[in-house]
2 protein chains.
Amino acid sequence: MKHFSEISPMAERIIDAAQGLIQQQGYNGFSYDDVAKIVGIKKPSIHHHFAKKEDLVCVLVQRYTHQFRGELLSIEGQHASPMDRLAAYAAVFEQTFNRDKRLCVCGMLGAESDSLPESAADEVALFFKLNLDWLSRMIGDAQTAGLIKSNCAAESLAQAYLSALEGAMVLGRGMRTVQGPADIAQTFLSTVSA
Amino acid sequence: MKHFSEISPMAERIIDAAQGLIQQQGYNGFSYDDVAKIVGIKKPSIHHHFAKKEDLVCVLVQRYTHQFRGELLSIEGQHASPMDRLAAYAAVFEQTFNRDKRLCVCGMLGAESDSLPESAADEVALFFKLNLDWLSRMIGDAQTAGLIKSNCAAESLAQAYLSALEGAMVLGRGMRTVQGPADIAQTFLSTVSA
DNA sequence: GTCTATATCTTGATAGAC
DNA sequence: GTCTATCAAGATATAGAC
């Protein structure tokens, strides 16, 4: 299977389309024909770029995780304070959600994990680990700086924070009018502040 | 469409099977044939009890919400302290999750909301509203009693709490080894404690 | 790289016998 | 209430022409 860094422009467009569909309908809710209609080529042409649905989703999640790595790096470059970084992190989710209430790709796929090809489920797990590690580091820094209370382990707070963000998107989607992830993040951060 | 309170034993078994399938695979991930194999009758017999998939899911969510209403009542009967009630609430999610990492029915369906029949999506929204209302009341009580900090609105904390619980199940499913909703709840409750 | 055509399977759903 | 038989539509996927 190809690596996402060496794929053609058309393959890129296919992943773009598939990603939007996954965020709105899930893995079991979209078909190659849906993708074909969006990018404007026929179904078998999609298969030429990604032989199996499993391949498409794997590369898609790899690219998504890679983009997230970039976001995290960008946040560290733009904000010095761990609290600002944690708020900026939530803003990434908010941006996704504000686009037609799209879910986090891995939030959706994580829920569907049991009906995912194993290779795809592995990629999803990697995404979560990457994010939890980064959040733990930021929260640890904040605790060291006395900005966040130290009565809970950084890892536990990281899990609670990411869970709340992913869950906020599910609630926001499932209800009509509800606050997005950014608002839930603000609530969370103000409760853990020292 | 029938009300869940007036359905036959076989219809009950069908809903049981469908609920497990939804919690593990989602709405788009299970078929009438899957249900048929579990309950031991043929696919058209399922249609006899629930003409359309939409009917089945609607009644299923109605029953689920009703059962939850019962849980809430039971919690209020068994615990006097709002903090104990909030912890007991999380235990309900933990119990669900501990059974093969099953998701909350409405957590899964909320994520899939866009590809749900509208009537089913409405029922899911009702479930969330019921839970947020109850949680807001409990958290409000806790704030009045001085057990929870009052720097955030009870409604905001309720949303954060429910989001964290739903998200914890998604993370727990998507990763291999992660804490369940009860652990995330403990973290949350200890951060908001006054 | 894209297409038409096709294979094969599964899906939700119906008709009608028992 | 349950069954067999069947349908039309949609799914993933492949073969082979252009």
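Just so it is clear: chains get the letters A, B, ... in the order the sequence lines come, proteins before strands, and each one is counted from 1. Since we're looking at a predicted model, the values are computed, not measured.
- Between His48(B) and dT2(D) there is no side-chain N or O to OP1 or OP2 distance below 4.0 Å.
- Ring geometry, His66(B) versus Phe4(B): the interplanar angle falls from 30° to 60°, so the pair is classed tilted.
- Counting only N and O atoms by type, the side chains of Gln23(A) and Thr96(A) include no donor and acceptor under 3.5 Å apart.
- Taking the charged nitrogens against the carboxylate oxygens, Asp33(A) and Lys37(A) do have a contact shorter than 4.0 Å, which makes a salt bridge.
- For Lys42(B) and dT11(C), the NZ to C1' distance is 17 Å, given to the nearest whole Å.
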Exercise for review: Spell out protein contact along nucleotides 9-15 of chain D as letters: B when the base is contacted, S when just the sugar-phosphate is, - when no protein heavy atom is under 4.0 Å; keep the 5' to 3' order.
Suggested key: --SBBB-
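- Salt bridge Asp133(A)/Arg137(A): absent, no basic N to carboxylate O contact under 4.0 Å.
- One finds no side-chain N or O of Ser45(B) lying less than 4.0 angstrom from the OP1 or OP2 phosphate oxygen of dG1(D).
- In terms of heavy atoms, Phe97(B) sits closest to Met169(B) at CE1-O, 3.6 Å.
- At a threshold of 4.0 Å, the pair Asp16(B)-Arg63(B) counts as salt-bridged, since one of the basic side-chain nitrogens sits closer than that to a carboxylate oxygen.
- Between Arg173(B) and Glu112(A), no side-chain nitrogen of the basic residue sits less than 4.0 Å from a carboxylate oxygen of the acidic one, so the salt-bridge criterion is not met.
- Asn98(B) pairs by the side chain to side chain contact (heavy atoms under 4.5 Å, CB included) definition with Glu94(B), not counting sequence neighbours.
- Within residues 10-17 of chain B, the residues that have a heavy atom under 4.0 Å from DNA chain D are, in order of number, Met10(B).
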